There are 2 protein chains.
Amino acid sequence: MPESRPVDPYPPLAWSGWGDPTQVPLLPDAVRELLAQGLGVRAPATGAASLEAVTLPEPRLAGSVRQALESVIGPEHVLADHESRVRHTRGKSTPDLLRIRAGEASDAPDLVLVPGSHEEVIELLALCSSHRVAVVPFGGGTSVVGGLAPEADGFSGLAAIDLRRMNALLSVDGVSRLAELEPGLRGPEAEALLGEHGYTIGHFPQSFEYATVGGFAAARSSGQASAGYGRFDELVLGLRLATPVGTLALGRAPRSAAGPDLRQLVLGSEGAFGVITGLTVAVRPTPAERVYEGWRLGSFKEGMAVLRALVQDGPRPTVLRLSDEAETGLNLARPSEVGGPAAGGVLAIVGYEGTAQDVATRRSAGTEVLSGAGGQLEQGAGEHWARERYRGPYLRDALLAAGALVETLETVTFWSSVPRLYEAVSGALRESLSARGTPPVVLCHVSHVYPAGASLYFTVACAQTDDPVAQWRAAKASASDAILDAGGSITHHHGVGTDHREWYGREIGELGVGLLQAVKARLDPAGIMNPGVLVSPSD
Amino acid sequence: MPESRPVDPYPPLAWSGWGDPTQVPLLPDAVRELLAQGLGVRAPATGAASLEAVTLPEPRLAGSVRQALESVIGPEHVLADHESRVRHTRGKSTPDLLRIRAGEASDAPDLVLVPGSHEEVIELLALCSSHRVAVVPFGGGTSVVGGLAPEADGFSGLAAIDLRRMNALLSVDGVSRLAELEPGLRGPEAEALLGEHGYTIGHFPQSFEYATVGGFAAARSSGQASAGYGRFDELVLGLRLATPVGTLALGRAPRSAAGPDLRQLVLGSEGAFGVITGLTVAVRPTPAERVYEGWRLGSFKEGMAVLRALVQDGPRPTVLRLSDEAETGLNLARPSEVGGPAAGGVLAIVGYEGTAQDVATRRSAGTEVLSGAGGQLEQGAGEHWARERYRGPYLRDALLAAGALVETLETVTFWSSVPRLYEAVSGALRESLSARGTPPVVLCHVSHVYPAGASLYFTVACAQTDDPVAQWRAAKASASDAILDAGGSITHHHGVGTDHREWYGREIGELGVGLLQAVKARLDPAGIMNPGVLVSPSD
């Protein structure tokens with residue numbers, strides 16, 4: 001087959017918020033009332049800066065280096081204009097949004113490089129390495145952990161490598177059910193191109209609409225349908241990494257005993273070892289049927305026991321998610337209805353995707369398990385969740401603009417430690433924010449399940465103090481300490497970036513960090529690749 | 001729970017063959033006739049050496065070093081007697097057996113160290129590192145790829161670390177379905193201890209009776225029931241590695257986005273980075289029912305299409321295996337009946353394990369798929385396979401003693417490349433051995449299946465030449481070249497060892513090898529850990 005590309009490339013993310021600015025909801029008066037009365041949120045004194053008013057650092061890169069880079073990919077693919085630099089500054093965490101809305105873009109790259117092929121990336125990296133130019137690989141720009149904010153001090157400059165032009169579906173192998181993709185394809189683009197062949201990847205994280213497949217791989221993404229399709233790192237069976245010292249090409253088979261699985265060393269490397277320029281991913285036939293149900297269960301504890309039973313003993317649904325009492329009460333599973341009437345118990349979302357027969361069989365068995373546990377089917381809740389599944393970040397935009405501090409964080413551990421982890425993280429967030437005079441609401445849901453454990457996804461909202469970035473940093477540090485103390489992993493699917501580096505180092509220990517530094521030194525001897533992401537730049 | 005240990009530790013492997021010497025079958029006259037007439041096999045002129053007559057190298061290790069090692073674990077756990085040294089020489093490949101039966105034990109360790117704890121292993125490795133003593137971790141001793149034959153030239157000596165005393169089941173977490181195991185537990189021992197709690201690991205490779213769980217992890221083992229339970233590297237969710245520079249402890253959750261999955265860097269490291277001293281593995285309830293069926297299908301090609309349909313679209317059996325025409329004809333799926341009447345077509349083994357209801361559901365759907373493809377259920381063939389599933393290596397012992405050269409090798413690739421790989425490897429083996437005047441029979445079966453691909457397991461038999469070790473090395477090299485040329489991985493479940501190192505290097509490329517060397521240099525700066533395994537010792 002000839003390679004295919006998206007006909008209408010997806011629009012870029014809003015520079016100072018999530019996605020399409022026209023999609024940000026208006027907050028109902030009831031919600032504003034609730035924010036003011038319940039959390040003491042006050043409208044901010046100043047509005048957000050305009051794009052033009054954002055302050056950029058002076059470009060540092062020498063003209064001769066820029067010319068050398070231009071000679072590789074053409075001057076038209078080397079961008080240094082104000083808007084391009086602003087749009088490639090950091091990612092989409094709440095601190096990122098707060099800072100860029102305040103007009104602060106001190107982490108902006110000097111240049112944005114837009115290569116068209118693996119070979120061009122290889123040449124760019126070799127040049128940047130020899131001129132000590134720090135490089136941040138840039139896919140969808142959706143990192144929420146500082147993965148796009150490298151520590152470029154001490155380098156001669158910072159270049160973003162934007163992968164938007166490398167967005168082809170290269171091949172489909174229907175016998176092996178594999179597809180070769182370039183990294184710059186956004187989620188919906190990849191699904192549309194594969195859909196023409198009758199396939200899906202089945203990877204639908206909340207960032208789906210804007211994140212790229214290269215980013216899914218680099219950050220070990222996990223989607224909302226991971227119970228059925230698996231995590232992205234399980235779906236990647238082959239990959240190509242461009243590094244400053246050459247190419248690493250891996251994956252001759254689904255699994256192998258040929259030494260350590262080096263694919264699993266590249267997956268999750270977050271640009272610190274190189275740029276992922278090609279992926280071979282497992283695909284499945286587009287499901288004939290997709291059904292999502294909402295189930296009301298007695299309590300978070302009871303609900304977790306049901307989820308555990310489903311994932312351990314089956315039938316395994318494709319989507320499994322469970323809100324705690326607070327999240328269920330606030331209806332955050334339905335962002336457009338926040339503040340609506342609360343009901344008792346907790347809400348689980350249970351989805352089935354597959355052939356009609358497969359869905360019917362699993363659904364019937366699943367219904368038996370859920371009913372047997374006292375669950376009540378809630379009409380419309382599943383469909384509602386499916387319709388609203390990518391809307392959460394837009395709600396954050398509206399809440400931030402209204403003066404609230406809103407952010408999410410997540411972790412994962414084995415089932416027997418989940419209750420302890422839940423209490424520890426909720427408690428740490430409440431304590432830290434209350435101590436600053438801004439008592440929060442802390443909501444949680446189980447976002448992903450495995451036979452051996454589950455991830456917890458927390459949403460926090462409170463009033464902003466005068467320095468909301470510092471306010472959140474302190475709360476996040478407390479929560480991160482609590483995660484490690486309770487035996488959890490510092491991140492289930494957001495990644496490490498620069499924000500989690502300190503706790504990540506504690507999680508994998510000195511030797512674990514040493515390993516990564518040794519690998520980085522081999523692939524990136526000048527240390528230019530996303531410095532400060534995963535490991536300290538100067539260690 | 002208190003830790004538990006095997007009541008009756010499993011007997012050691014025969015020093016010059018597989019397992020329990022009393023289990024080696026007598027070859028029926030028909031088989032001897034077939035070997036003589038069909039392959040020109042002649043009885044060897046000389047019999048195997050006795051244990052006492054095996055020639056060992058002079059011990060090289062200084063007495064002071066030995067004393068230092070004794071001070072860590074006690075002199076009673078430092079063995080240097082003739083039998084201990086012979087029993088820790090190499091593994092169980094055909095060349096290993098041919099050499100040891102000829103009385104040649106040039107790779108024997110100077111000492112066998114038998115530590116009792118992680119802390120003792122750490123101390124031993126630090127001592128060996130400072131005295132430049134090469135170390136080979138020794139579990140079940142079942143390697144068939146030279147994984148127990150380090151290249152210890154240039155070191156002050158060679159010590160085997162035998163993990164037999166580290167054989168406890170430390171804990172069972174029934175909520176998370178996890179068990180903590182020490183590495184020295186053999187397969188049946190681990191299953192017996194877990195069985196008391198109602199659990200199984202579900203890992204049953206052909207080496208099951210003698211290999212250890214630590215070895216399963218170090219070599220990325222895959223069992224006969226991998227379609228149902230997964231590979232061993234998928235079952236390991238936590239591990240502890242003792243290295244010359246300290247401890248690496250990994251695994252706080254089933255899956256995580258906290259950087260690269262470093263567990264997958266230790267799994268498959270084959271002792272080259274350190275000694276695995278603890279494992280947390282996923283367990284499942286002991287299946288209430290186990291059913292194995294034999295299905296006769298039209299051809300290897302047709303059979304592969306059926307296996308692919310089952311693994312891609314379900315129902316997924318627990319065991320899936322398919323012999324090609326030659327193997328089916330020779331009945332090698334039934335070692336005790338080799339030479340019996342051959343039937344047409346090919347034989348698939350299809351097994352289901354689980355609850356009664358789960359087995360009934362999957363079996364009924366599987367029967368529909370198999371019957372729909374023209375398959376005929378073969379009475380008794382499934383049960384026969386299950387009874388004989390660990391007997392293959394005993395048959396090899398008998399055939400080697402009769403003067404035949406018999407060995408196996410395996411590979412894996414994506415489904416669309418499997419036919420090409422099958423032809424290439426069969427052809428290379430036939431060509432190489434025929435060119436030496438010993439035309440072989442080459443048998444093959446699909447041993448493991450994945451949605452995206454399958455492994456091919458080849459058995460080769462021919463007459464021995466005067467130098468059967470060189471004869472096999474040449475054939476194996478041809479087959480290995482063919483594997484790489486056809487896009488396969490050099491090993492699906494046997495591992496790399498020293499035998500596959502050259503081809504492994506070609507498979508992962510210069511940067512891949514460089515990565516491993518960098519990791520090794522960090523964890524094992526003196527290069528003492530299993531030198532020559534995975535990567536060259538001196539690079």
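Computation of the quantities below employed the complete heavy-atom set of this structure, encompassing side-chain atoms and omitting hydrogens, waters and symmetry-equivalent molecules. This is a predicted model, so every value here is computed, not measured. Residue numbering restarts at 1 for every chain, and letters A, B, ... go by the order of the sequence lines.
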K.L.:
Tell me the closest heavy-atom pair linking Pro254(B) and Thr413(A), and the distance in Å.
P.N.:
CD-O, 3.7 Å
K.L.:
With chain A as the partner, which of Val519(B), Val418(B), Asp233(B), Thr355(B) has the greatest number of non-hydrogen pairs under 4.5 Å?
P.N.:
Val519(B)
K.L.:
Kindly give the heavy-atom pair with the smallest separation between Trp415(B) and Ser176(A), and that separation in Å.
P.N.:
N-OG, 3.3 Å
K.L.:
Check whether any side-chain heavy atom of Arg252(A) lies under 4.5 Å from a side-chain heavy atom of Leu484(B), and answer yes or no.
P.N.:
yes
K.L.:
Which region of Asp173(A), side chain (C-beta onward) or backbone (N, CA, C, O), has a non-hydrogen atom less than 4.5 Å from a non-hydrogen atom of chain B, or is it both or neither?
P.N.:
side chain
K.L.:
Mind ranking Arg522(B), Arg177(B), Arg308(B) by heavy-atom pairs under 4.5 Å with chain A and telling me who comes out on top?
P.N.:
Arg177(B)
K.L.:
Please flag which part of Tyr450(B) lies under 4.5 Å from any non-hydrogen atom of chain A: side chain, backbone, both or neither.
P.N.:
side chain
K.L.:
With a 4.5 angstrom heavy-atom cut-off, is it the side chain or the backbone of Glu410(A) that approaches chain B, or both, or neither?
P.N.:
neither
K.L.:
Does any heavy atom of chain B fall under 4.5 Å from the side chain of Thr247(A), the backbone, both, or neither of them?
P.N.:
backbone
K.L.:
Got Phe273(A) and Leu515(B) here, is their nearest side-chain heavy-atom distance under 4.5 Å?
P.N.:
no
K.L.:
Please flag which part of Leu516(A) lies under 4.5 Å from any non-hydrogen atom of chain B: side chain, backbone, both or neither.
P.N.:
side chain
K.L.:
So which of His493(B), Gln312(B), Arg231(B) has the largest heavy-atom pair count under 4.5 angstrom toward chain A?
P.N.:
Gln312(B)
K.L.:
So what's closer than 4.5 Å to chain B heavy atoms on Ala219(A): side chain, backbone, both or neither?
P.N.:
backbone
K.L.:
Who wins among Ser222(A), Gly487(A), Gly453(A) for the most heavy-atom pairs under 4.5 Å with chain B?
P.N.:
Gly487(A)
K.L.:
Between Glu507(B), His500(B), Glu510(B), His448(B), which shows the greatest number of heavy-atom pairs under 4.5 Å with chain A?
P.N.:
Glu507(B)
K.L.:
Determine the option with the most heavy-atom pairs under 4.5 angstrom with chain A, choosing from Gly251(B), Ala257(B), Gly268(B), Pro285(B).
P.N.:
Ala257(B)
K.L.:
Is it the backbone or the side chain of His492(A) that comes under 4.5 Å from a heavy atom of chain B, or both, or neither?
P.N.:
both
K.L.:
Picking from Gly259(A), Gly314(A), Ala518(A), which has the most non-hydrogen pairs under 4.5 angstrom with chain B?
P.N.:
Gly259(A)
K.L.:
Restricting to non-hydrogen atoms, name the atom on Ala253(B) and the atom on Val412(A) that form the minimum distance, rounded to 0.1 Å.
P.N.:
CB-CG1, 3.5 Å
K.L.:
Considering only heavy atoms from C-beta outward, does the side chain of Arg255(A) approach that of Glu234(B) to under 4.5 Å?
P.N.:
yes
K.L.:
For chain B, which of Pro451(A), Gly488(A), Gly246(A) has the most heavy-atom pairs under 4.5 Å?
P.N.:
Gly488(A)
K.L.:
Using non-hydrogen atoms and a 4.5 Å limit, figure out which bit of His494(A) sits close to chain B: side chain, backbone, both or neither.
P.N.:
backbone
K.L.:
Looking at every non-hydrogen atom in both residues, tell me the closest pair between Ala452(A) and Leu237(B) and how far apart they are.
P.N.:
CB-CD1, 3.5 Å
K.L.:
Quick one: what part of Leu523(A) sits under 4.5 Å from any heavy atom of chain B, side chain, backbone, both or neither?
P.N.:
side chain
K.L.:
So which residue, Val533(B), Thr361(B), Asp313(B), ends up with the most heavy-atom pairs under 4.5 Å with chain A?
P.N.:
Asp313(B)
K.L.:
Please classify the contact of Leu265(A) with chain B as side chain, backbone, both or neither, using a heavy-atom distance under 4.5 Å.
P.N.:
both
K.L.:
Under a 4.5 Å heavy-atom cut-off, does chain B meet the side chain of Leu178(A), its backbone, both or neither?
P.N.:
side chain
K.L.:
Tell me, side chain or backbone of Tyr504(A) under 4.5 Å from chain B's heavy atoms, or both, or neither?
P.N.:
side chain
K.L.:
Answer with side chain, backbone, both or neither: which region of Glu270(A) has an atom nearer than 4.5 Å to a non-hydrogen atom of chain B?
P.N.:
side chain
K.L.:
For Leu248(B) and Ile508(A), which heavy atoms make the closest approach, and how far apart are they?
P.N.:
CD1-O, 4.1 Å
K.L.:
Please flag which part of Leu267(A) lies under 4.5 Å from any non-hydrogen atom of chain B: side chain, backbone, both or neither.
P.N.:
backbone
K.L.:
Indicate yes or no for a side-chain donor-acceptor contact from Ser256(B) to the backbone of Thr491(A) under 3.5 Å, with no hydrogens or angles considered.
P.N.:
yes
